Each structure stands twice: as C-alpha cells, then as structure tokens.
Amino acid sequence: MSAARPPRRLDLPLGFDADPVARRIGLVILATDHTTEPDFARMVAGPRIGVYVARVAYANPTTPANLRAMRPDLARAAALLLPDERLDAICYSCTSASIVIGDEAIAAAIREGKPGVPVVTPTRAAVEALRAHGALRISILTPYTQETAASVAPYFEAHGFAVAALSCLGLEDDRQMARLDAATLIEAARAALAPGSDALFVSCTALRSAAIAAETERALGVPVVTSNVATAWACARLVDESPRVDARLAALPLPDPAAFA
C-alpha cells in the first residue's frame, strides 16, 4: 500500500461571483411541515432564486396554545438562515399561528434574528392575494378543529372582507392534514364555497392544495387562494420575479409590497 500523500494545492487564479444566486428567500417552517418546502421548490426556487429553510420546534395537536408556543423560537430560527448574509424576504409558513400570534408579532420576532428583511405571513399574503383578485365577499375552508378555525373569519373581517362561510374539517394534526388527497380537497372546496362568494381562501400551509389550485378554480368557477399559493406569489413578487403558480393569481401584481416591509 502506498503511503498517503498530502493533496496538491492548485496554484490557479480563482474567480468568484458576487452571490451564488441573484435573490434569496428564507423559509421558517414547522418541524412537522411536509408541504411548504416542496411547494416553494416548485413555485419559487430556480436559477435566480434560492430558497433556504429553517425549522422551528412544534408539537401537535394544532391548538391555539401550541401555536403560541412557537413564538419564542422564531428569532433563533430566522438567525440560522444564512447568518451574516443578505436575504430578500422571509416567509413564516404557518397560517393558524399567524392569526393566533399576529402578523406584526411574528414579523418583529423574525427581525430579531434577521433584521431589515421583509416578512411574509400566509395570512397577510392571502389578504393581498384576495385584494389583487378584487374579492370582497369570501368563503374560507380550513382543515382545523372548530376551536382553532374560529379565529380565522374575524381576521379577514378585520381586513375588510365579508366572510360568507367558514368551514373546517376537524383535524388536529398537521401531518394528517398533509395527507389529504386531491379529490377530498376539491370536494371540500365545493362544499365550503357559499353562493355569491367572490373567492375561496383555503387556509393551512400543510394542505397540498397549491398543486391543485387551478383545478379547484375550474371546478368552482371563482378564484381560489391557498396559503402556499399566496406566500409563493408574494415572495416571488417581492424579488421582482414571476411565480410558477398554476392559478389565476400568477398573472396579478402585488397590490401593496409595503405590507411586508
């Protein structure tokens, strides 16, 4: 056996790009999340946009108390996203926690760990998406229990929407929510849409509803905004890119980019 030799260092001039990719999106997601990363890989990431992920501790069931328990860990998670390097936006990917904790509190916590970055929540992104559609009267579908779903309608009413109907599926584990199949999601969307609604909002980043948003729109005949469609669209628009979103929202501009500043 030949003796080990030290590697030969090549004496070559090394060229460096300013950044590995032009734009950078951070994701703060639940430890149990099966859906957000694949959705953002499909709808946002590409040669010009890198998507970087940190996970925050979370324990089921999906109750208001468990959702609030994430708040102290958000700054730490955000700080782990490319430390000391620039990000163009950060998305916190939990709809129900965004309502329970509050958009402003989440943005403040994330900026403790990553100052000066626009922060996207699913709820705020959904508001902008529904406004982009010109929706005034909406129906809402959630997979949550009645206790957790109860706060969803008041959030959207506080942002100027009339909520024609709020429906829930009674699930309390986000891993179970992620396993709902396409046929079930479309049938639930049909049942949740109240007559006279301008749009349907499908609440929950765990649901695999983004992949079938266009199919659901065809089935219902109205715009369908899902949590992950809304956040992917908002994040892409914030970095001046077009999202690869298979839904009517893809072609629409972001009404108020300052909403995330």
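This is a predicted model, so every value here is computed, not measured.
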Which pair of heavy atoms, one from [X] and one from [Y], lies closest together, and at what distance?
X	Y	result
R111	P118	NH2-CA, 4.1 Å
N66	P61	ND2-O, 2.7 Å
S242	A236	C-CB, 4.2 Å
S197	S139	OG-OG, 2.7 Å
R237	P253	NE-CA, 4.2 Å
T95	P122	OG1-CB, 3.4 Å

Under a 3.5 Å distance rule, please check whether [X] uses its side chain to pair with a backbone N or O of [Y] as donor and acceptor.
X	Y	result
K114	L82	yes
E217	V224	yes
D246	A214	no
W233	L254	no
D19	V21	no
D198	I138	no
D73	A57	no
R208	A178	yes
T148	T145	no
R55	A31	yes

Between [X] and [Y], do the side chains contain an N or O donor and an N or O acceptor separated by less than 3.5 Å?
X	Y	result
D174	N60	yes
T36	D39	no
S203	Y144	yes
Y155	D103	yes

### Query
Side chains of P257 and L238: closer than 4.5 Å at any heavy-atom pair?
yes

### Message
With a 4.5 Å cut-off on side-chain heavy atoms, are L74 and R76 touching?
### Response
no

Determine, using the 4.5 Å side-chain heavy-atom cutoff (strictly less than), whether [X] and [Y] are members of one ILVMFWY cluster.
X	Y	answer
M70	V53	no
M177	V225	yes
I29	V100	no
F40	L30	no
V229	L200	no

So, taking the atom named [atom1] in [X] and the one named [atom2] in [Y], what distance separates them when rounded to the nearest 0.5 Å?
X	Y	atom1	atom2	result
F201	S209	CZ	OG	9.0 Å
L136	L130	CG	CG	10.0 Å
L207	I212	CG	CD1	9.0 Å
R244	I49	CZ	CD1	7.5 Å
L81	L27	CG	CG	8.0 Å
I25	L87	CD1	CG	8.0 Å

### Task
Check each of S93, C91, S98 against T205 using the side chain to side chain contact (heavy atoms under 4.5 Å, CB included) test, and report the only one that passes.
S93

### Task
Would you sort out whether V152 and I99 count as a side-chain contact (heavy atoms from CB on, under 4.5 Å), showing the intermediate values?
CA-CA 7 Å; V152 179; I99 292 174; 3.8 Å; yes

### side-chain contact (heavy atoms from CB on, under 4.5 Å) evaluation trace for E37 with D33
CA-CA 8 Å; E37 282 181 276; D33 187 326; over 6 Å; no

### Message
side-chain contact (heavy atoms from CB on, under 4.5 Å) for Y92 and R124? Distances and angles first, verdict last.
### Response
CA-CA 11 Å; Y92 171 63; R124 197 69 185 92; over 6 Å; no

N-O pairing of [X] and [Y] below 4.0 Å:
X	Y	result
R24	E85	yes
R23	E241	no
E215	R218	no

### Audit row: V222, L193, side-chain contact (heavy atoms from CB on, under 4.5 Å) steps and yes/no
CA-CA 9 Å; V222 299; L193 184 69; 4.0 Å; yes

